[in-house]
Amino acid sequence: MNMSDDNDIIRTRREKLSRWRETDDAYANDFRRQDLAAALQERYAGQDKAALEDSLVATAVAGRVMLKRVMGKASFVTLSDVSGQIQCYLTRDGLGEAGYQEFKDLWDIGDIVGIEGTLMRTNKGELTVATSNIRLLNKTVRPLPEKWHGLTDTEARYRRRYLDLIMNEETRSTFRTRSQILHHLRHFFVERDFLEVETPMMHAIPGGAAARPFVTHHNSLDLELYLRIAPELYLKRLTVGGFERVFEINRSFRNEGLSTRHNPEFTMLEFYWAYADYRDLIELTGDLLAELTTKVLGRSAFNYQGTDIDFGKRPLQLTMAESIVVEAGFSESQVEDPQFMRDTLAAMNQKVEASWGIGRLQMAMFEARVEEKLFAPTFITHYPIEVSPLSRRNRDNPDLSDRFELFVGGREIANGFSELNDPDDQAERFRDQAKQKSEGDLEAMHFDADYVEALEYGLPPTAGEGIGIDRLVMLLTNSPSIRDVLLFPLMRPGNV
RNA sequence: GGGUCGUUAGCUCAGCUGGUAGAGCACCGGGCUUUUAACCCGUUGGUCCUCGGUUCGAACCCGAGACGACCCA
């Protein structure tokens, strides 16, 4: 765990570094690479040994030494660059006595080097650079993890992600996929005339979600500020301002525990779409998942932790009450009976507050008994108004909201609704939240008078949605933990 | 917050019932001009996570703590 500075390996490599520093070109930056490994592998895949001998293709490659095989006066070195790997053949005849000796004396696995030469193919058929000139570009001090097993210790992989990236193609692949997902999401929304915006990360009043915030302090304003728990209320202010389609992909922060599904900072996509409602969102979300998966994976179906999921098919739809009937096995009348729900939750050792109405009781039951079972993509609709303080009230049933969440793999992936744009109703909901906060609910919302004022200037009929990007990346990269899709997940400071 | 498991060489891991700490890779020395985790020979390398306890004697047993993984709340 503790990588001390005085072990034999590091001491020897430091001695080599000292010798290298005595040369003229230690830490030179004038080596120019001509080709990437993968490009060479692809371009010359069809050329056999004889063809390459005839054509004398000159190249210059650079990268990290991953493997080194010394056989007396000839050696093979495997270089790794951003694209892939290529083998190089170094000989005393090819490099000259001094050059070959420098390689033998100074080069170690892990060093960053530049190699010039011509392409050849070995007897076993591997494309190889027959080296005529070598440059040591960075004499590294610390040894890489073991070449066969790599770096497997999860703690080390998260704390020293660079080593994980050097050693594990799977890790590199995950983060390439993450980048692709973000790219295609942006493309999807920009193509549909959504404007990408950035709204504040530091809020005087945290809002837009039920969560505990991180608190910080602005010195010169002498002001308590909160890291945002969601961008929602600012994005809707922009919709008031006439940006009728906006989206933001950025971090939010929630001061909660860590788990395989939660990191205190996480990435959300939120978008707001004027003159649309939650049913339009459900359609758009279905399109989005199908298109995204096809573009990123080349197909709409994939396997997540042993279960097949297909975003090419439209997700199921159930109301929250229906889902409790179906998955938890209660009758429709039981699900609507506050006393029954309260008693049943209590019997399940679930925390229940006396003030909770049927909406919060149903929500608690849903979270306890239903959510984890929703493996196949499923939209749960008709959330109770009691747990949806920013959502539009359902026209047919005022106790319900025009809101849905999407569940995949037993996890919430998206949350969307027709926006509440009645300022008086919103003020009433905020007052209710503030009351719950004063009664000790740490996740209840603050009264945001500034936001209500914005609504008084007029939010068009609008639908808005948030999509958890980390969880989406988990699905498409088959990652069991959110830490596997965050380059630097939060860790307690350790003595590493 | 609770439970289970883990922490031994730079890395991957063994280490029996408590009796002087082991292997492979890497490193160092030697051999080898088409290898593929190259191979062969010979070395080197340790805060056994930390602190305390039990014991003639602790990597191992007990207690407390640190860090991590997973599960639960």
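Given the structure is predicted, the values throughout are model-derived calculations rather than measurements. Letters A, B, ... mirror the listed sequences (proteins, then strands); counts begin at 1.
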Measuring to OP1 and OP2 of U35(B), would you say a side-chain N or O of Lys124(A) lies under 4.0 angstrom away? yes

I want to check one thing: is the phosphate of U34(B), taken as OP1 and OP2, less than 4.0 Å away from some side-chain N or O of Lys73(A)? no

Is it the case that U36(B) (base atoms only) and Thr122(A) (side chain only) share a donor and an acceptor within less than 3.5 Å, ignoring hydrogens and angles? yes

Distance between C1' atoms of G52(B) and A66(B) (Å, rounded): 15 Å

Lys49(A) or Leu490(A), whichever maps to the more 5' nucleotide of RNA chain B: Lys49(A)

Under a 4.5 Å cut-off applied to non-hydrogen side-chain atoms, are Ser331(A) and Val325(A) in contact? no

So, does the side chain of Gln87(A) form a donor-acceptor pair with the base of U35(B) at under 3.5 Å? yes

Across all chains, not counting sequence neighbours, the side chain to side chain contact (heavy atoms under 4.5 Å, CB included) partners of Ala346(A) are none

Strictly under 6.0 Å, is that where the ring centroids of Phe366(A) and Phe407(A) end up? yes

Glu170(A), CD: over 12 other non-hydrogen atoms inside 6.0 angstrom: no

Between C51(B) and C40(B) - P atom distance, rounded Å: 40 Å

Given that both distances must come in under 3.5 Å, which nucleotide forms a Watson-Crick or G-U wobble pair with G65(B)? C49(B)

With a 4.0 Å cutoff (strictly under), does any side-chain N or O of Arg13(A) reach OP1 or OP2 of C27(B)? no

Complementary nucleotide of G22(B), counting Watson-Crick and G-U pairs under 3.5 Å: C13(B)

